[in-house]
Amino acid sequence: MWGEGKVRNVMGTSFFEVEKRDARTNARTGVVHTSHGDVPTPVFMPVGTHATVKTLDASDLEELDAKIILSNAYHNALRPGDELVNDLGGLHGFMKWDRAILTDSGGFQVFSLASLRRLDDQGVTFRSHWDGSEVVWTPEKVVRIQRNLGSDIMMPLDQCIELPASEDRVEEALERTLRWLDRSLKEPRKETQHLFGIVQGGISPSLRRRSAEETIQRDCPGFSIGGLSVGEEKSAMYEMVDVVTEILPQEKPRYLMGVGTPLDLVEGVARGVDMFDCVMPTRNARNGTLFVHEGKINIKRSEYRNDDRPLEEGCSCLACRRYSRAYLHHLFRVNEILALRLNTLHNITFYLNWMREIREAICEGEFDAFLKKARESLTT
RNA sequence: GUGGGUGUAGCUCAGUUGGUUAGAGCACCAGGUUGUGGCCCUGGGGGUCGAGGGUUCGAAUCCCUUCACUCACC
């Protein structure tokens, strides 16, 4: 099913190295080398849209042992402004985070803020969601923004479309994404910055293949799989990941954008994905949904009002080490800021530990069993 | 004591000239949340319409009595 792909380790100071490949699936461990440190893969990148992982600061993230976070070109360019960030030492200096940063281009905002935009081949015209002023985006400008932000890994402007969509529209978005990638690659960036290509193609296997085959012709150090988890069936998403990872080169990292649930991460890894990001652990933390190995805990539920146990026995996070479900329930119910912070600490800890467990399972040759167990115990 | 006002879901209130099974917002109970606004979405439980009597085919709605709260004046 997953084939027996070739491993071609690149020696020396290459951007990415595959370390261990699973025998029965496409899962592999590796390391992404950046000028802000090494990142063991498969990795989950906490989302810090506005130069902060909401409720946490850089020292929190260091304590949680995060090696890389994700931020956003669109949001940071509007506020506080990428030139200001550049003056203040880039995102790293600004937020005092000296580990790796990946920035998303704002391509997803073209999609999610669709009512505010006008799009043609030249680029995108937005109305700022802050003050309504008009901003024009081109692929070149988006690279310039990310150069100012100083991220280690940057995404080109792409076109992510709503599903379901006609074959024609998917194809048009796919072609435009490729043209925009070519323009992005011509725009200067710092030597230490790496620009990924993004594969589109909706939920059409043939268009996905075409997008992947075209994209890998470009000189990119890694490839992203975009346009998924936007309302399609879960089975379709997994199938698209299968289709694409079969084509992407083994020696370069694959990044599945915006995904996903703990089970999605395992399923993605099984298909050869190395990098993930998702708002789910942080957003759900703020909405009272907490991840544990058995599934999810909705801390709002009244059954936790008198529950003296920690969220999850053995969890290393502050919320679990020190506080009870009853206390977390209370804090959430009375809308205390601390609830959001403790919940976020827990969910990020869970996600980072989850990826660590995945890496260990691969290293020990037990990923297959790990995958099987995850499928049995997790439904989403 | 006299005169006026108000009593409808836990809270704040809609409810047409009397007309199906009395509604909304918030709260409560429970789901959802996938390249981020603590937002938002979807369900659910909950009412002797202050109480009693009357008119009527039919009353939250009209009439009488009564109770509670409230305002003004003694």
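Below, read A as the first sequence line, B as the second, and so on, with proteins coming before strands; counting in each chain starts at 1. Quick note: numbers below take in every heavy atom, side chains included, and nothing from hydrogens, waters or symmetry partners.
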*Asks:* So, do His346(A) and Phe291(A) have ring centers that fall under 6.0 Å from each other?
*Replies:*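 Ring-ring flag for His346(A)/Phe291(A): false, centres at least 6.0 Å apart.
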*Asks:* Does the gap between the ring centers of Tyr351(A) and Phe44(A) come in under 6.0 Å?
*Replies:*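 That pair passes the under 6.0 Å test.
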*Asks:* Looking at A30(B), I'd like to know if its phosphate oxygens (OP1 or OP2) sit under 4.0 Å from a side-chain N or O belonging to Ser302(A).
*Replies:*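 Yes, such a contact exists.
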*Asks:* Sticking with atom C1', work out how far G50(B) lies from G7(B), rounded to a whole angstrom.
*Replies:*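 One C1' to the other, the span is 6 Å.
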*Asks:* With rounding to the closest Å, how many angstrom separate the C1' atoms on U61(B) and U8(B)?
*Replies:*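 Rounded to whole Å, the distance is 12 Å.
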*Asks:* Round to the nearest Å and state the distance from Glu232(A) atom CD to G35(B) atom P.
*Replies:*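 To the nearest whole Å, that distance equals 12 Å.
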*Asks:* Can you figure out which of G35(B), U36(B), U33(B) approaches the side chain of Val47(A) most closely?
*Replies:*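 Among G35(B), U36(B), U33(B), the one nearest the side chain of Val47(A) is U36(B).
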*Asks:* Only pairs at least two apart or in different chains count here, so list each ring pair (Phe, Tyr, Trp, His ring centres under 6.0 Å) that has a residue in residues 216-272 of chain A.
*Replies:*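 Every pair satisfying ring pair (Phe, Tyr, Trp, His ring centres under 6.0 Å) with a residue in residues 216-272 of chain A: there are none.
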*Asks:* Requiring both pairing distances under 3.5 angstrom, list the stems that contain RNA chain B and are made of three or more consecutive Watson-Crick or G-U pairs.
*Replies:*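 RNA chain B stems, ordered by first number: B:1-7 with B:67-73, B:10-13 with B:23-26, B:28-32 with B:40-44, B:50-54 with B:62-66.
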*Asks:* What contact category does Asp264(A) fall into here, base, sugar-phosphate, or nothing, at under 4.0 angstrom with non-hydrogen atoms?
*Replies:*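 If one applies the 4.0 Å heavy-atom cut-off, Asp264(A) turns out to touch a base.
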*Asks:* Nearest heavy atom decides the nucleotide; on that basis, is Arg305(A) or Thr261(A) closer to the 5' end of RNA chain B?
*Replies:*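 The residue whose closest nucleotide sits nearer the 5' end is Arg305(A).
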*Asks:* Report yes if the distance between the aromatic ring centroids of Phe15(A) and His194(A) is under 6.0 Å, otherwise no.
*Replies:*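 When the ring centroids of Phe15(A) and His194(A) are compared, they turn out to be within the sub-6.0 Å range.
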*Asks:* For nucleotides U12(B) and C57(B), find the distance between their C1' atoms and express it as a whole number of Å.
*Replies:*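 It comes out at 37 Å once rounded to the nearest Å.
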*Asks:* Check this one for me: any side-chain N or O of Lys296(A) less than 4.0 Å away from OP1 or OP2 of G32(B)?
*Replies:*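 For G32(B), OP1 or OP2 has a side-chain N or O of Lys296(A) closer than 4.0 Å.
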*Asks:* Hey, are Asp308(A) and Arg325(A) close enough for a salt bridge, meaning a charged N less than 4.0 Å from a carboxylate O?
*Replies:*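 The answer is no: the pair does not qualify as a salt bridge.
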*Asks:* For Asn347(A) and Thr282(A), test the side chains for any donor-to-acceptor distance below 3.5 angstrom and give the result as yes or no.
*Replies:*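 Absent: no donor and acceptor within the cut-off.
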*Asks:* Considering residues at least two apart in sequence or located in another chain, which fulfil the salt bridge (Lys or Arg N to Asp or Glu O under 4.0 Å) criterion with Arg28(A)?
*Replies:*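 Here the qualifying residues are Asp274(A).
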*Asks:* So Gly227(A), base contact, sugar-phosphate only, or nothing? Heavy-atom distance under 4.0 Å.
*Replies:*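 Base: the residue Gly227(A), judged by heavy atoms under 4.0 Å, touches a nucleobase.
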*Asks:* Output all residues satisfying salt bridge (Lys or Arg N to Asp or Glu O under 4.0 Å) with Glu294(A), sequence neighbours left out; order by chain, then residue number.
*Replies:*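 Counting only residues at least two positions away or on another chain, Glu294(A) forms no salt bridge (Lys or Arg N to Asp or Glu O under 4.0 Å).
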*Asks:* Enumerate the residue pairs fulfilling side chain to side chain donor-acceptor pair (under 3.5 Å) with a member in residues 313-323 of chain A, sequence neighbours excluded, ordered by first and then second residue.
*Replies:*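 Found none.
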*Asks:* By a strict heavy-atom criterion of less than 4.0 Å, which residues belonging to residues 136-154 of chain A are in contact with RNA chain B?
*Replies:*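 The answer is none.
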*Asks:* Using atom P in both nucleotides, what's the gap between A59(B) and U66(B) to the nearest angstrom?
*Replies:*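 After rounding to an integer number of Å, I get 24 Å for this pair.
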*Asks:* Select one nucleotide: of C28(B), U34(B), G35(B), the one nearest the side-chain heavy atoms of Arg333(A).
*Replies:*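 Nearest to the side chain of Arg333(A) among the choices is C28(B).
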*Asks:* Nearest to the Asp158(A) side chain among U36(B), U34(B), G35(B), which nucleotide is it?
*Replies:*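 Closest nucleotide to the Asp158(A) side chain: G35(B).
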*Asks:* Please state how far atom CE in Met237(A) lies from atom P in G35(B), giving the value in whole angstrom units.
*Replies:*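 Spelled out: CE on Met237(A) to P on G35(B) is 11 Å.
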*Asks:* Among pairs that include at least one residue of residues 353-367 of chain A, which meet salt bridge (charged side-chain N to carboxylate O under 4.0 Å, His left out), considering only residues two or more places apart or in two chains?
*Replies:*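 Of all non-adjacent pairs touching residues 353-367 of chain A, those that pass salt bridge (charged side-chain N to carboxylate O under 4.0 Å, His left out) are Asp65(A)-Arg356(A).
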*Asks:* Mind jotting down which residue pairs meet the ring pair (Phe, Tyr, Trp, His ring centres under 6.0 Å) criterion with at least one end in residues 358-380 of chain A? Sequence neighbours excluded, please.
*Replies:*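 Found Trp354(A)-Phe370(A).
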*Asks:* I'd like the C1' distance from C13(B) over to U17(B), given in whole Å.
*Replies:*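 Rounded to whole Å, the distance is 23 Å.
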*Asks:* Nearest whole angstrom, please: distance from the P of U36(B) to the CG of Leu102(A).
*Replies:*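 Checked: the CG to P distance equals 12 Å.
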*Asks:* So does Ser112(A) reach the base of U36(B) with its side chain, donor to acceptor, closer than 3.5 Å?
*Replies:*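 For Ser112(A), whose side chain was compared with the base of U36(B), there is no donor-acceptor pair (under 3.5 Å).
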*Asks:* Rounded to the nearest Å, what distance is computed from the CD atom of residue Gln200(A) to the C1' atom of nucleotide G35(B)?
*Replies:*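 To the nearest whole Å, that distance equals 10 Å.
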*Asks:* Report the distance from atom CZ of Phe332(A) to atom P of A30(B), rounded to the nearest whole Å.
*Replies:*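 After rounding, the reported distance stands at 13 Å.
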*Asks:* Using the P atom on both, measure A9(B) against A14(B) and round to a whole Å.
*Replies:*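 Here A9(B) and A14(B) have their P atoms 12 Å from each other.
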*Asks:* Got a sec, which pairs hit side chain to side chain donor-acceptor pair (under 3.5 Å) with one end in residues 210-219 of chain A, sequence neighbours left out?
*Replies:*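 Listed once each, the pairs are Glu171(A)-Arg210(A), Glu175(A)-Arg210(A), Asp182(A)-Arg218(A), Glu214(A)-Arg218(A).
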*Asks:* Can you name the salt bridge (Lys or Arg N to Asp or Glu O under 4.0 Å) partners of Lys234(A), sequence neighbours left out?
*Replies:*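 Listed in chain order: Asp264(A).
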*Asks:* I'd like to compare against my own output: the B/S/- annotation of nucleotides 37-42 of chain B with a strict under-4.0 Å heavy-atom distance to protein.
*Replies:* SBB---
*Asks:* At under 4.0 Å, does any side-chain N or O of Asn72(A) touch on OP1 or OP2 of U36(B)?
*Replies:*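 Result: yes.
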*Asks:* Would you mind reading off the distance between Ile297(A) atom CD1 and A30(B) atom P, rounded to a whole angstrom?
*Replies:*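 Nearest whole value for this atom pair: 14 Å.
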*Asks:* Given the P atoms of G23(B) and U70(B), what is the spacing between them in whole Å?
*Replies:*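 Rounded to whole Å, the distance is 32 Å.
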*Asks:* How far, in whole Å, is U20(B) from A60(B) if one measures between their C1' atoms?
*Replies:*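 Taking atom C1' in both A60(B) and U20(B), they lie 16 Å apart.
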*Asks:* What pairs meet the salt bridge (charged side-chain N to carboxylate O under 4.0 Å, His left out) rule with one or both residues in residues 221-231 of chain A, with sequence neighbours excluded?
*Replies:*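 Qualifying pairs, neighbours excluded: none.
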*Asks:* Tell me: OH of Tyr351(A) to P of U34(B), nearest whole Å?
*Replies:*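 Rounding to the nearest Å, OH of Tyr351(A) and P of U34(B) are 11 Å apart.
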*Asks:* Measure the distance from CD on Glu233(A) to C1' on U34(B) and round it to the nearest whole Å.
*Replies:*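 Atom-to-atom, Glu233(A) to U34(B), this comes out as 15 Å.
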